Every structure is written in structure tokens, then in C-alpha cells.
Amino acid sequence: MGSLSNKHLVLGVTGGIAAYKSADLARRLRELGAEIRVVMTRAATEFITPLTMQAVSANPVRLHMLDAEAESGMSHIELARWADAVIVAPASANFIAKMAHGRADDLLSTLCLATEAVVALAPAMNQQMWENPATQDNLARVKQNGVRVFGPAQGAQACGETGPGRMLEPTEIAARAAELFSTGALDGRHVLVTAGPTWEALDPVRGITNRSSGKMGYAVAEAALEAGASVVLVSGPTALADPEGVTTVHVRSAQEMLEAVHAQANNIDIFIAVAAVGDYRPETVAPQKIKKHSDTLTIKLVKNPDILASVAALSPAPFTVGFAAETENLEHHARKKLLDKRIDLIVANDVRVGSAGFDSDYNQLLLIDKNGVIELPRARKIRLARALIQRVAGKYHAKSTAQDSRYAHR
Ligand code: CTP
């Protein structure tokens, strides 16, 4: 089964007997790694208690638009932005009808209207209601608007009838939820990502490093995995857990990162250098801890190898993507790096104090290549990473196709 690791899911519960299965669904989604926030309609609370849903989701349950307590924590707009996907299970005939007409008369319907995230419905209703042309029209309309529909299943119903309208089982819904994130854009491709800072030792206890948290690089590795690639992540020292399903190689110095990258570089299709590699390292590493014998201490630094440029210089080279962290003249400096390092794409981000960037969960990016600039506005790093991977996949495939047709004409 796929993974939902690091995914933010809103689980919407509407009124129907299948709501008793929503508690199990919350557990299944969490087992796949998702963080869950539950939103219940008033009718849903007649079938299952908010306390049960709070216990299984490990978060407070939201019930009302104007919920004084919850409002301070997360408003419906924040919740709409927070979600990577909204799964409504069970989705009643009434809820589907409301979605088909864009109604927003309670928290869940408002949230579905306000979110950019994918919305998926798991319908559950009596088979006559399911087959009613009005319901089928509403379904066609929501599908046309990009809403995904999971099920329903056939079988015995709580009302004693048999037919279509049973909610899919929670394990099936959880599996479908994980599939929402598998784009297949990089199916069968090999992607290598560097992430985090490097550590350039001065002596056995001290070293030179930088403020990179590794979050963006790890998010890029996860997004590449979601897109179907097999992914190797070469990471400098970070506090992050290894992403599930990604082969993670831990290194400390730029030299170690270079070696780990070149051990893979001949077998990859795409190289994405997100690491904040130290440009310089101490010329010598003291074998013992340096003592403060004098008032000043001079450390001579020598330049580190440029890992990204060295991969871009390979023949044949993979599709290469660099990152440029800048504090001024973002586009100008980034474009210079694109040309100097002879890479395919550079991703620029502003790391001035107070802006998104280092150690934040948010970022904003400019994607710059020979064809122009694309802006990815401020969003969570995992979302930006997905958007980036989608663009990288498009550009990688376009370049491969162009190269293939050039060879064919020789
Ligand atoms: N990079 C690398 N190896 C290095 C230095 C940087 O692979 N030794 C990669 C980074 O992973 C990133 C890009 O190159 O993708 C950053 O370019 P760089 O010119 O090193 O950026 P800065 O260090 O910020 O450069 P400057 O200090 O000149 O602004």
C-alpha cells in the first residue's frame, strides 16, 4: 500500500450509518503516516461522537463555522490551506448535492469550497438514493469539477436492501487516498537529491556549518518518490528522520557528499542539488581539540569541490537542478549560477531574515531556466516540492524527447 507520510488530511464525516467506520478510517490513514484533522457535520455527530473521532485522530474535532475555541487555533481558511487532501467519508447524498451546487452552509462544505487541495468523496447511501438521477447528475458535476469519488461498493446495506451504495471499507479508502499523491510523472526514473548542510571539521569537536535544516531537500526527495521515481537522498547532518521509501546516505563534509553523489551519478536521470554545501573547509583538521593559547586564531580555508557543477560536467549528464539561496538580487544571482554551472534549471529562494527559507516549513521559489521564470508562491515546503517535481518532470521529458529526435536525425 502507498504512503501518506507527512500528508495533512482533513477527514470530513457526514451523517450516515457508515460514519461508525470513519473512526477506523482515521486510524488507517494515520497508520499510513498522515496527520488528520476531523471535521464533522451536525448529522454526523448523531452517528458517532466527536470524542471518539478526537481520540482516533489525536486532534481536536471541528464542528462549527464559528467555533470560538477552535477558531483561534485554526480557522476554516487555515484548515483549507493546511490540507493536502480532504477526504469526506461517508459522503451523504445531501453532501454530494451541496458540493455539486457550491453551497457553503456549514464548516465542511465551506472548507471544500475554500481549499485548493484535492477533495475525495466516499459515498454511502441507500441504493435507491444512489441510483436516483438527481444523485447521479450531482456526481457527474462534482467529478467534472475535479472531485474524486471512491466507490461506493455493492452489497448488503444497513437498511436491509442490497445494491450499490455501501461505503468502501476503510483500508480501501486509505489506499485510494495514498494513490491521490502518486502522479506517475517520474515512473521508472532514478533521482538523486542532496540535502542539508555540510560540516567541515576544524578539530574533533568543532566545525563550520550553516543554517540549512534539510527540510526542503527531504521534501523534494519525498515528492520525487510520490511521482514514481526511485530516489537516493545524500544528506548532510540534519535532525530529520529518513524519509520512508527513499534510500538515504548520510554524510558530513562536502568531500564525503561529493563521493556519495559520484557513486550514484552514472545511474541517474535527474540530479537535484538542494544541499547548502560549505563553499570552504579548513585547510587542516587539528587532530586534537584546539586550545586557546593566543588572543587570535587564524584559520586558513580552502575551496570545496562544486558537486553540482561536477555532475553537470559528466558526459552524458543527468538533468541537473540547482538551488540558489540569496539575500538580494535573487533572479540575477540565480541566473548567473545557472550559466556558470551549466545546469538545466535553478531554483532560487530568498533567505533574508524574516522571509521563508531556512528552518521554516514554508518557502517561496523562482524556477529559472533558459526559457524564462516561473514563480511558485509561498506554501508549505512539501507542496512546493511537489510543484517543483512536476515542473522538473515536464522539463526532463521535454529535454529527453528533444535529444532522442536529434539522434534520430543523425
Ligand atoms: N553546490 C554544490 N557544491 C558546492 C556548492 C554548491 O553542489 N560546493 C550546489 C548547491 O547544492 C546548490 C547550488 O550549488 O544547488 C548553490 O550554488 P552556490 O554557487 O554554491 O551557492 P552559494 O554558496 O550560495 O554561492 P555564493 O556564495 O557564491 O552566492
Side-chain angles (χ1 to χ4, degrees), residues 8-31 34-83 85-115 117 119-126 129-130 135 138 142 147 149-153 157-160 165-174 177:
H8 289 179
L9 299 188
V10 168
L11 173 57
V13 186
T14 71
I17 184 60
Y20 81 92
K21 292 185 180 173
S22 303
D24 190 30
L25 175 58
R27 286 189 43 222
R28 304 281 166 217
L29 295 170
R30 288 186 66 207
E31 276 168 12
E35 192 181 327
I36 308 286
R37 306 257 174 184
V38 174
V39 174
M40 298 175 76
T41 63
R42 194 198 53 73
T45 63
E46 304 284 342
F47 291 91
I48 185 166
T49 69
L51 196 59
T52 302
M53 294 308 297
Q54 176 172 326
V56 291
S57 67
N59 273 311
V61 170
R62 293 291 312 271
L63 301 169
H64 312 294
M65 274 296 284
L66 304 171
D67 181 337
E69 238 170 63
E71 208 62 27
S72 56
M74 209 175 245
S75 75
H76 64 282
I77 297 295
E78 271 175 85
L79 208 49
R81 287 193 189 133
W82 174 86
V86 179
I87 315 285
V88 183
S92 65
N94 181 49
F95 188 77
I96 296 169
K98 286 205 299 190
M99 274 209 76
H101 297 279
R103 295 202 53 186
D105 60 359
D106 62 7
L107 178 59
L108 187 57
S109 51
T110 308
L111 180 76
C112 287
L113 214 52
T115 192
V119 177
L121 308 177
M125 66 195 74
N126 162 274
M129 293 170 73
W130 170 254
T135 302
N138 289 336
V142 295
V147 171
V149 179
F150 300 161
Q157 300 203 302
C159 51
R166 273 173 67 101
M167 188 170 87
L168 290 186
E169 291 306 317
T171 46
E172 176 72 22
I173 298 174

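Just the heavy atoms: all of them, side chains too, but no hydrogens, waters or symmetry mates, feed the values below. As the structure is a computational prediction, the values presented were derived from the model and not from experiment.
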Non-hydrogen atoms of [X] and [Y] that approach each other most closely:
{"X": "Leu25", "Y": "Pro170", "answer": "CD1-O, 3.6 Å"}
{"X": "Leu121", "Y": "Met99", "answer": "CD2-SD, 3.8 Å"}
{"X": "Ser92", "Y": "Gly15", "answer": "CB-O, 3.7 Å"}
{"X": "Pro50", "Y": "Thr45", "answer": "CG-CG2, 3.9 Å"}

Should Glu31 and Arg28 count as an ion pair when the cut-off is N to O under 4.0 Å?
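Result for this pair is yes, salt bridge flagged.
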How long is the straight-line distance from [atom2] of [Y] back to [atom1] of [X], given to the nearest 0.5 Å?
{"X": "Trp82", "Y": "Leu9", "atom1": "CH2", "atom2": "CG", "result": "6.5 Å"}
{"X": "Ile96", "Y": "Thr14", "atom1": "CD1", "atom2": "OG1", "result": "8.0 Å"}
{"X": "Leu107", "Y": "Met40", "atom1": "CG", "atom2": "CE", "result": "12.0 Å"}
{"X": "Met65", "Y": "Ser109", "atom1": "CE", "atom2": "OG", "result": "8.0 Å"}
{"X": "Asp105", "Y": "Lys98", "atom1": "CG", "atom2": "NZ", "result": "3.5 Å"}
{"X": "Leu79", "Y": "Thr115", "atom1": "CG", "atom2": "OG1", "result": "8.5 Å"}

Start with the C-alpha gap between Met125 and Phe95, add the side-chain angles, then the distance that decides, and say whether side-chain contact (heavy atoms from CB on, under 4.5 Å) holds.
CA-CA 11 Å; Met125 66 195 74; Phe95 188 77; over 6 Å; no
Steps toward side-chain contact (heavy atoms from CB on, under 4.5 Å) verdict (Ile173, Met167):
CA-CA 9 Å; Ile173 298 174; Met167 188 170 87; 3.9 Å; yes
Look only at the side chain of [X] and the backbone of [Y], and say whether a donor-acceptor pair between them is shorter than 3.5 Å.
{"X": "Thr135", "Y": "Met129", "result": "yes"}
{"X": "Arg30", "Y": "Val56", "result": "yes"}
{"X": "Ser57", "Y": "Met53", "result": "yes"}

Between Lys21 and Glu169, is there a side-chain heavy-atom distance shorter than 4.5 Å?
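Answer yes - side chains close enough.
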